[in-house]
Amino acid sequence: DVKTILPYILNGLKAQDTPQYQLSTYIIIGQMVLGTSLVEELRMTLLDNCFRYVNDAHQKEALLCVFIICQTQSVKNFSEKSFGHFMKFK
């Protein structure tokens with residue numbers, strides 16, 4: 001159940017000081033979205049957090065996670081918050 005693991009996923013996305021935890025979370029999200037249709041609020045929360053808390057050294061991996069979310073879910077646009085964080089990528 002996604003509700004059960006969601007707090008751990010969000011903590012993993014926020015774990016900028018623990019890169020392996022953050023990278024593992026990207027993999028978990030990728031697997032999760034392949035088999036589950038997420039409601040828009042959850043999709044936007046995941047996208048916002050992927051962009052917001054990315055470790056500078058792992059921007060490519062975060063972007064790949066976002067691509068997987070966009071390809072497997074019905075993402076029509078990004079929130080202003082997500083887009084603003086994305087524009088800060090180097």
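Residue numbers count from 1 along this sequence.
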From [atom1] ([X]) to [atom2] ([Y]), nearest 0.5 Å:
X: M44; Y: I69; atom1: CE; atom2: CD1; value: 10.0 Å
X: T45; Y: E40; atom1: OG1; atom2: CD; value: 10.0 Å
X: I68; Y: I29; atom1: CD1; atom2: CD1; value: 9.5 Å
X: T18; Y: L23; atom1: OG1; atom2: CG; value: 10.5 Å
X: H85; Y: N49; atom1: NE2; atom2: CG; value: 8.5 Å
X: I28; Y: L13; atom1: CD1; atom2: CG; value: 9.5 Å

Using 30° and 60° as the class limits, which term best fits the ring planes of F51 and F78: parallel, tilted or perpendicular? perpendicular
Do F86 and L47 have side chains that approach each other closer than 4.5 Å (heavy atoms only, starting at C-beta)?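 No, too far: nothing below the 4.5 Å cut-off.
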Beyond-backbone contact of I9 with L46, side-chain heavy atoms, under 4.5 angstrom: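 Answer yes - side chains close enough.
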Nearest heavy-atom neighbours spanning [X] and [Y]:
X: I5; Y: M32; value: CD1-SD, 4.1 Å
X: H58; Y: P19; value: CE1-CB, 3.5 Å
X: C65; Y: C50; value: SG-SG, 3.9 Å
X: T25; Y: G12; value: OG1-CA, 3.2 Å
X: Q16; Y: V54; value: NE2-O, 3.4 Å

Can you hop from [X] to [Y] via hydrophobic side chains spaced under 4.5 Å?
X: Y21; Y: Y53; answer: no
X: V39; Y: L10; answer: yes
X: Y26; Y: V2; answer: yes
X: I27; Y: V33; answer: no
X: Y8; Y: L42; answer: no

Provide the full list of salt bridge (Lys or Arg N to Asp or Glu O under 4.0 Å) pairs with a residue in residues 80-90, sequence neighbours left out, each pair given once.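 Qualifying pairs: D56-K90.
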Any donor-acceptor pair under 3.5 Å linking the side chain of Q73 with the backbone of T36?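 Pair found, side chain donor or acceptor close to backbone of T36.
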